[in-house]
S.K.: 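Handing you this structure, nothing more for now.
Basis for what follows: all heavy atoms, side chains included, without hydrogens, waters or symmetry-related copies.
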Amino acid sequence: MSTTGDEIDPRRAVLARYDILDTAPEAAFEDVVRLAAMLLEMPVSLVSLVDVDRQWFKARIGFARSETTLSESICAHAIQEDDLFVIRDTTKDARTADNPLVTGEPHVRFYAGMPLRTPEGEALGTLCVLDTRPRDLTPMQAFTLRTLARQVMTELDLRRTLKERQESDRRNAAIIESAIDYGIIAMDLAGLITSWNVGAERVLGWTEAEILGRSADLFFIEADRESDTFEREMSTTRAMGRANDERWHQRKDGTLFWAQGEMMPLRDGSEVHIGYLKILRDRTVQHRAEEALEKQTALLQTVTDHLSESVFRLTRDDIITFANPAAEAMLGWGEGELIGQNLHDVAHHHHADGRPFPSSDCEVVRSLRTGEPLRERATTFFRRDGTPIDVITTNAPIIEGGIVEGAVLTVTDVTESKAASARLRRSEERLGLALGASGMIGTWDWDLRENVVYADANFARIYTVDPERAALGAPLADYTRNFHPDDVAMFQAELDRLFAGAEEFACEYRIVQPDGSHRWVIARGRLVRAPDGTPLRFPGASVDITERKRSEERQAALVELGERLGELHDPAEMAYAAAEIAGRTLGLTRAAYGTLDKTGRYLDIARDWTLPGVTSIAGRHRYADYGSYLPELRQGRVVIVDDVEADPRTAPQARGFRALDVRTVINLPLMERGHLVAVLCLHDAKRRNWTPDILDFLRNVVDRTRAAVARLRAEEQQELLNRELSHRMKNLLAMVQSIATQTMRSAVDVDTAKEVLAGRLIALGQAHDLLMGGALGSTLIGPVVRGALKLHEDRSGRFHLDGPDLEIGAKPALSLALMLHELATNAAKYGSLSREDGHVAIRWSIRPDADEAHLVFSWAEVGGPPVTKPARKGFGSRFIERGLAGQVGGTIALAFPPDGVTCTIAAPLAAFQSDA
């Protein structure tokens with residue numbers, strides 16, 4: 001009975017889900033078949049699983065074979081039924097009368113099988129019993145067989161559930177371990193740590209081995225531990241199902257970081273509370289930025305609250321969203337009453353003669369709609385009681401995402417004294433700069449008549465001038481002497497443009513700091529002129545934009561690194577590109593990317609990047625010569641040494657660092673499967689402040705380089721696999737042709753040829769499975785040799801084997817089988833096996849040597865065509881010479897004398913018998 005493809009596919013899928021085919025014997029199933037045979041008094045009992053082209057027995061008693069073809073399967077009929085399937089006499093049933101198991105050994109006469117059905121109703125196979133005589137089942141025996149079949153199905157379902165659960169656990173663990181930016185910590189009910197992911201190690205510093213079993217309040221700061229913050233957090237989690245917080249935590253090294261945390265209860269499969277799960281994320285940079293923003297906002301609020309000028313914030317529809325006290329007083333409205341009002345309607349809805357005009361004619365409104373700044377425009381506002389006031393307005397648009405979303409409007413009341421307009425404009429200009437700037441702001445006022453610059457403390461700090469001297473007034477030269485030499489000409493050109501009549505000064509340049517580094521600033525200002533146009537003063541503000549510029553430089557460097565790595569095809573060149581870009585971007589003296597040798601004690605640097613005149617450190621270096629921090633690198637921790645002469649890890653080796661002109665060091669480890677494989681080494685001749693953003697940049701460089709090298713290795717491995725697969729396919733097709741030729745040459749008729757050819761092709765498939773599977777276990781050498789050559793033994797006497805029985809390891813056995821396959825393939829195509837009377841002599845023996853025993857294995861072809869040594873070595877010859885030798889060592893001699901190819905192997909016996 002055959003089974004159609006539509007019937008096979010669902011069963012094949014369900015068999016795959018149970019993952020049971022070709023697995024090792026298991027006591028649970030063996031006990032069932034033993035019990036079935038005993039209780040039903042049957043000589044044969046089987047747990048049979050029906051596949052597409054065979055039935056395979058998970059457990060068997062009384063039956064020698066582990067599987068049969070589908071054409072021999074009676075179970076293939078049984079699985080079509082919903083209940084017990086019984087054939088009392090197989091010789092009288094049309095479905096089984098011609099079955100080879102009925103007509104031949106073991107002469108089955110009785111069959112009873114209970115289908116094994118999944119909870120979804122799909123049939124896997126049967127629990128069946130057989131006898132060699134016709135018979136029937138009693139009702140008790142039928143009940144027993146059904147019960148035992150249910151037991152088999154229960155065991156199969158249990159295995160499937162366990163497999164799916166293990167796979168789910170593996171995926172969950174992989175997800176948790178990949179969340180390197182989040183610390184994920186599991187605890188028991190007492191708050192003791194039971195699990196600690198890679199992200200937690202990266203954020204907090206402890207390894208999982210160091211932290212397991214310790215209380216999670218370890219990384220809370222002392223004040224929170226004293227106030228039982230951790231206990232309250234667990235209590236809230238129990239009561240509310242979740243607890244969120246943001247607070248300071250401490251790392252293993254004692255440093256603090258601001259963390260965003262969330263705790264949730266852990267429950268088992270029965271929803272019983274068994275512990276807690278806490279997720280932490282380092283938000284220190286964002287927290288400090290928010291604090292700085294709050295301080296800046298509070299400062300600006302204080303400034304605007306105490307200004308005599310009126311300040312409004314408007315939407316693009318002219319709606320007031322902020323008005324300072326001066327604005328409310330100027331227009332005569334109470335506190336908060338202007339918010340939500342339309343500025344045009346409440347203050348600017350009349351012509352100068354009192355006649356109303358539409359909002360479209362309002363210059364302030366038009367500037368809001370177009371996003372164009374409105375500088376010192378005189379107009380008339382009206383107080384709440386209708387009294388007109390003369391004002392000067394300045395409009396600074398608020399642009400978000402390229403769209404004008406509103407504006408900051410500064411209004412100065414000049415009704416009382418237009419003579420004070422210059423002073424009022426100066427105040428308005430300073431306020432506009434303060435509102436429009438971000439970051440660290442320093443202000444100056446250059447008195448052009450006295451040629452003295454008055455500056456606040458921030459400006460003095462940026463330009464490295466004594467604050468007291470700056471407050472009292474210092475010459476311009478005190479500030480410009482620290483300008484970066486490359487930027488002086490640009491600054492002077494912008495200054496000349498301003499004095500030539502430009503409306504505003506704007507320039508971006510660098511200020512050199514005492515330690516040799518530089519800071520970026522944006523300076524903006526405007527000239528104050530006398531009525532005759534003579535310049536009197538030059539006030540303005542400078543904004544420190546160093547961090548923004550450095551961030552842009554690092555981002556550009558990462559983009560450049562990605563492009564460079566994509567173009568390179570040599571790991572050493574990739575490593576050099578990473579070192580060069582990292583060193584150049586951070587302004588270091590030296591950067592190198594090195595790999596560890598097999599001992600893990602030496603670092604090999606193929607090539608390093610240095611500033612001109614700096615000594616290269618390319619070559620091999622022993623870590624012990626440079627400090628005691630190698631164990632930290634092996635744990636995957638970044639090693640930062642601010643001063644090699646002061647740090648206890650490097651101080652004893654400070655002389656070696658001085659010889660290389662190194663004062664500060666940072667080493668970033670590259671880990672693969674938990675092992676240290678490479679290090680990015682960065683050196684500088686002066687002390688450096690390694691901030692978290694610099695470390696993040698360097699980790700990005702390491703990660704991208706590692707990914708690029710891994711991609712390159714994967715491509716090389718794929719190319720090798722493709723070449724080997726091509727070689728195997730060519731040999732396979734040649735072997736099929738050779739088998740067909742030999743079969744047809746020796747066959748006496750077509751039917752015989754068909755039968756012999758089919759058997760040989762099946763043997764070829766089995767040999768191909770051996771080559772591709774590599775699943776040999778420890779075994780005797782004789783069966784390995786005979787199994788590898790069985791395919792080519794088309795008649796008796798093809799191979800003469802001589803040698804003692806001895807056991808060899810799994811890997812050497814596979815390598816030997818592959819080598820024999822190559823030799824036999826070549827012999828069948830070109831050598832002695834291509835002739836009818838040719839054969840091969842194979843011998844192996846143990847040779848006692850002085851130091852250790854050796855196994856000597858030889859292959860000699862006899863009776864083949866004359867041999868000519870090939871002009872070049874093909875892939876097969878290289879495989880023969882290198883494959884087994886690479887596994888067991890020793891020597892392989894492949895020779896081509898005229899009377900037949902020979903191959904001799906001599907290697908230590910211990911290597912042949914090893915499974916390593």
S.K.: Judged by atom type as modelled, is there a donor-acceptor pair below 3.5 Å linking the side chain of His683 to the main-chain atoms of Ala685?
M.R.: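 No: the side chain of His683 does not pair with the backbone of Ala685.
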S.K.: Could you check Thr237 against Met234 for side chain to side chain contact (heavy atoms under 4.5 Å, CB included), going step by step and ending with a plain yes or no?
M.R.: CA-CA 5 Å; Thr237 301; Met234 290 194 295; 5.5 Å; no
S.K.: To the nearest 0.5 angstrom, please state how far the CG atom of Asp217 sits from the NE2 atom of His249.
M.R.: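 It comes to 11.0 Å.
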S.K.: For the pair Glu226 (side chain) and Ala223 (backbone), establish whether a donor and an acceptor sit closer than 3.5 Å, ignoring hydrogens and angles.
M.R.: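 Judged by distance alone, no pair lies under 3.5 Å.
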S.K.: Without hydrogens or angle criteria, can the side chains of Thr595 and Asp604 be said to hold a donor-acceptor pair below 3.5 Å?
M.R.: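 No.
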S.K.: Salt bridge (charged side-chain N to carboxylate O under 4.0 Å, His left out) for Lys252 and Glu632? Distances and angles first, verdict last.
M.R.: CA-CA 13 Å; Lys252 178 184 177 182; Glu632 296 178 60; over 6 Å; no
S.K.: Does Glu552 come within less than 4.0 Å of Arg548, counting only side-chain N to carboxylate O?
M.R.: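 Looking at Glu552 and Arg548, the cut-off is met.
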S.K.: Would you say that Ile279 contacts Met264 through its side chain, given a criterion of any heavy-atom pair below 4.5 Å between the two side chains?
M.R.: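 They are in contact (side-chain heavy atoms under 4.5 Å apart), so the answer is yes.
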S.K.: Which pair of non-hydrogen atoms, one from Asp693 and one from Glu547, has the smallest distance, and what is that distance?
M.R.: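 Closest approach of Asp693 to Glu547: OD2-OE1, 3.5 Å.
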S.K.: How about Glu120: does its CD atom have over 12 heavy atoms from other parts shown lying under 6.0 Å from it?
M.R.: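 Counting other residues, nucleotides and ligands, CD of Glu120 exceeds 12 neighbours.
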S.K.: Between Asp228 (side chain only) and Glu231 (backbone N and O only), is there a donor and an acceptor less than 3.5 Å apart?
M.R.: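 No, the answer is negative, given that no donor and acceptor are paired below the 3.5 Å cut-off.
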S.K.: Return yes if some donor-acceptor pair links the side-chain N/O of Arg590 with the main-chain N/O of Thr615 below 3.5 Å, else return no.
M.R.: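 Looks like yes, one N/O pair under 3.5 Å.
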S.K.: Could you grab the distance from atom CH2 of Trp196 to atom CD1 of Ile184, nearest 0.5 Å is fine?
M.R.: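 That separation rounds to 12.0 Å.
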S.K.: Got a donor-acceptor contact below 3.5 angstrom from the Arg519 side chain to the Gln513 backbone?
M.R.: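 Not at all, since once roles are kept as given, no pair shorter than 3.5 Å links the two residues.
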S.K.: For a 4.5 angstrom cut-off between non-hydrogen side-chain atoms, does Leu680 reach Val701?
M.R.: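 They are in side-chain contact.
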S.K.: Is any side-chain N of the basic residue among Arg281 and Glu262 closer than 4.0 Å to the acidic one's carboxylate O?
M.R.: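 Salt bridge absent between Arg281 and Glu262.
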S.K.: Do Arg232 and Asp224 pass the salt bridge (charged side-chain N to carboxylate O under 4.0 Å, His left out) test, and can you show the C-alpha distance, the side-chain angles, and the key distance before you say yes or no?
M.R.: CA-CA 10 Å; Arg232 292 199 307 275; Asp224 287 340; over 6 Å; no
S.K.: Carefully, step by step, assess Arg663 and Asp684 under the rule salt bridge (charged side-chain N to carboxylate O under 4.0 Å, His left out).
M.R.: CA-CA 6 Å; Arg663 187 63 182 271; Asp684 208 343; over 6 Å; no
S.K.: Decide salt bridge (charged side-chain N to carboxylate O under 4.0 Å, His left out) for Arg247 and Asp245; before the verdict, give the C-alpha distance in whole Å, the side-chain angles of both, and the deciding distance to 0.1 Å.
M.R.: CA-CA 6 Å; Arg247 65 180 65 253; Asp245 72 338; 2.7 Å; yes
S.K.: Locate the shortest heavy-atom distance separating Gly241 from Pro265; write the atom from each residue and the value.
M.R.: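 Taking Gly241 first and Pro265 second, the nearest heavy atoms are O-CD, 3.2 Å.
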S.K.: Can Glu560 and Arg564 be counted as an ion pair, charged N to O under 4.0 angstrom?
M.R.: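 Yes, Glu560 and Arg564 are salt-bridged.
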S.K.: Write down the atom of Cys681, the atom of Leu603, and the distance for their closest heavy-atom approach.
M.R.: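 Minimum heavy-atom contact is SG-CD2, 3.7 Å.
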S.K.: Under a 4.0 Å threshold between the charged nitrogen and the carboxylate oxygen, would Arg649 count as salt-bridged to Asp647?
M.R.: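 A salt bridge is present here (some side-chain N lies under 4.0 Å from a carboxylate O).
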S.K.: Do Leu156 and Ile20 have side-chain heavy atoms sitting under 4.5 Å apart?
M.R.: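 The answer is yes; the side chains approach within 4.5 Å.
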S.K.: Can you measure from OH (Tyr593) to OH (Tyr576) and round to the nearest 0.5 angstrom?
M.R.: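 If I round to the nearest 0.5 Å, the distance is 16.0 Å.
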S.K.: Looking at residues at least two apart in the chain, or sitting in another chain, which of them share a salt bridge (Lys or Arg N to Asp or Glu O under 4.0 Å) with Asp696?
M.R.: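 Asp696: salt bridge (Lys or Arg N to Asp or Glu O under 4.0 Å) contacts with Arg699.
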S.K.: Mark yes or no for whether Thr585, through its side chain, and Ile581, through its backbone, hold a donor-acceptor pair below 3.5 Å.
M.R.: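 Pair found, side chain donor or acceptor close to backbone of Ile581.
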S.K.: When you check the gap from the basic side-chain N to the acidic O, do Arg622 and Asp597 get nearer than 4.0 Å?
M.R.: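 Salt bridge flag = no for Asp597 with Arg622.
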S.K.: Under 4.0 Å between a side-chain nitrogen and a carboxylate oxygen: does that hold for Arg658 and Glu645?
M.R.: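 Salt bridge between Arg658 and Glu645, a charged N being under 4.0 Å from a carboxylate O: yes.
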S.K.: State, with a plain yes or no, whether a side-chain heavy atom of Phe219 is found less than 4.5 Å away from one of Arg251.
M.R.: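 Not in contact.
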S.K.: Ignoring hydrogens and geometry beyond distance, is a side-chain donor-acceptor pair present between Thr664 and Lys686 at under 3.5 Å?
M.R.: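 No, no side-chain donor-acceptor pair sits under 3.5 Å.
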S.K.: Rounded to the nearest 0.5 Å, how far does CG of Leu670 lie from CG of Leu633?
M.R.: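 If I round to the nearest 0.5 Å, the distance is 11.5 Å.
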S.K.: If I take atom CG from residue Asp625 and atom CZ from residue Arg655, how far apart are they, to the nearest 0.5 angstrom?
M.R.: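 Atom-to-atom, Asp625:CG and Arg655:CZ are 13.0 Å apart.
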S.K.: Closer than 3.5 angstrom, by distance alone: can the side chain of Thr650 be matched with the main-chain N or O of Val644 as a donor-acceptor pair?
M.R.: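 Between the backbone of Val644 and the side chain of Thr650 there is a qualifying donor-acceptor contact (under 3.5 Å).
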S.K.: Hey, mind stepping through Lys163 and Arg17 against side chain to side chain contact (heavy atoms under 4.5 Å, CB included) and telling me if it holds?
M.R.: CA-CA 9 Å; Lys163 173 179 175 290; Arg17 287 199 299 273; over 6 Å; no
S.K.: Answer yes or no: is there a donor N or O on one side and an acceptor on the other, between the side chain of Ser195 and the main chain of Ala186, under 3.5 Å?
M.R.: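 It does not hold such a pair.
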S.K.: Which word best sums up how the rings of Trp248 and Trp258 line up, parallel for under 30°, tilted for 30 to 60°, or perpendicular for over 60°?
M.R.: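 The arrangement is perpendicular - the two ring planes meet at more than 60°.
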S.K.: Can you tell me how far CZ of Arg238 sits from CG of Leu189, rounded to the nearest 0.5 angstrom?
M.R.: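 The CG atom of Leu189 sits 8.5 Å away from the CZ atom of Arg238.
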S.K.: Here's one to test your reading of the geometry: is the NZ or CZ of Arg225 within 45 degrees of the ring axis of Phe220 and under 6.0 Å from its centre?
M.R.: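 Not satisfied by the 6.0 Å and 45° rule.
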S.K.: Using ring pair (Phe, Tyr, Trp, His ring centres under 6.0 Å) as the criterion, list what pairs up with Phe657, not counting sequence neighbours.
M.R.: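 Result, ring pair (Phe, Tyr, Trp, His ring centres under 6.0 Å) vs Phe657: Tyr626.
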S.K.: For the residue pair Asp157 and Tyr18, confirm or rule out a side-chain donor-acceptor distance under 3.5 Å.
M.R.: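 Distance-only check passes for Asp157 and Tyr18.
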